[in-house]
Amino acid sequence: MAALGLDFTLPLRDFELTLALDVERTVALVGPSGAGKTSVLRVIAGLARPVRGRVVLGDDVWLDTSRRISRLPEERRVGLVFQEYALFPHLSVRRNVAYAGRERAPELLERFAIAHLADARPADLSGGERQRVALARALARDPAVLLLDEPLAALDAHTKSQVRGELRELLRELALPTLLVTHDYEDAAALADEVGVLVDGSLRQLASPAELVARPRDAFVASFTGANLLYGSAVRSGDVTEVRLSTGEQLFSTDDAAGEVGVVVYPWDVSVAREHADDSALNVVRGEIGSVFEVANRVRVRIGPVTAEVTASSAGRLELEKGGIAYATFKATGTRLVPL
């Protein structure tokens, strides 16, 4: 299977988007709105022309500005699924899919379990059904590369979980070079082999989801992957680093650092207690419970500046209610320090 390679610079309104990336299986680009994520897809698909760069699929050159090569969108073997799916509202499901490739339409309608909807119009479909039609249409072109723009953003929370699992299995089965862009790190981590964090047109870090969580390169990457990010001043003391937070608490980390740092701890590494834990191995933050809310089968609790994630049974047993006082505790070995 040929790999997709890109290396280009595209001026945007507020910054230059500069990216060098190789895509062999599934790579996700995550970042805030306006970071340049969709523009990357547009360059690959031939819908935007960079001032400098190359886009290749193996030995097949789609773009090379130095050689004045720029293949038309229809000459690039790309399957593109737009954020809002961009289905033709006046065409049936069958005709939407057949528009991209008449020969494969019957097979794909069966594959995506939408054959019974063949005569329906997009307005009559649910969000998950529209996504299946959009994917079938993209694959009807027999693409060598799949591009997905916020593939789950248009779905409600209940549908999203189911469709995410279906999409993950599909991508593994297809084994095509796939680039998806999203603002949701959870989606990226669930779907992709590698995740890149894109901010203001620059790739901050590219790694596996596990690597990004274990070793975020900077404060933005840490916060974007779901971590608590606290600010303090660090001083190395023996085998540990002592950090005095801007809010006054004293914490410890096994990371080596000095000066102003970001303190990173993930909600699932934080325990919650209603009484102070007298254990020197633990960092302790005392605070008022600011919020308690369910996320899937877990409960997130905000204690002062720290968010913890506990089981529903633990939340009930601890009688966690907004306005009460609780203690967030976490180990020094699970406390990362990153430069600001």
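These numbers come from a predicted model, not from an experiment.
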Donor-acceptor contact present, side-chain [X] to main-chain [Y], <3.5 Å:
X	Y	result
Arg236	Asp239	yes
Glu16	Gly201	no
Glu129	Ser126	yes
Asn283	Phe252	yes
Thr241	Asp255	yes
Arg244	Gly248	yes
Arg42	Leu47	yes

Determine whether more than 12 heavy atoms belonging to other residues, nucleotides or ligands lie under 6.0 Å from atom [atom1] of [X].
X	atom1	result
Glu24	CD	no
Arg102	CZ	no
Glu103	CD	no

* Asked: So, do Val133 and Phe112 sit near enough that their side-chain heavy atoms are less than 4.5 Å apart?
  -> no

* Asked: What are the two closest heavy atoms between Leu337 and Ala257, and how far apart are they?
  -> CD1-CB, 3.8 Å

Applying side-chain hydrogen bond (donor to acceptor under 3.5 Å, both in side chains) as the test, list every pair that has at least one member in [range]; sequence neighbours left out.
range	answer
residues 105-118	Arg104-Glu107, Arg111-Glu173
residues 261-272	Thr225-Tyr266
residues 30-39	Thr38-Asp149

Would you call [X]-[Y] a salt bridge at under 4.0 Å N-O?
X	Y	answer
Glu169	Arg172	yes
Asp60	Arg77	no
Asp7	Arg54	no

* Structure fact -> So ring-ring contact (aromatic ring centres under 6.0 Å, His included) across residues 214-238, not counting sequence neighbours, yields Phe220-Phe224

* By the rule that ILVMFWY residues connect when side-chain heavy atoms come within less than 4.5 angstrom, directly or transitively, which residues belong alongside Phe88? -> Leu91, Tyr99

* Asked: Taking only residues two or more places apart in sequence or in another chain, which ones pass side chain to side chain contact (heavy atoms under 4.5 Å, CB included) with Arg217?
  -> Gln205

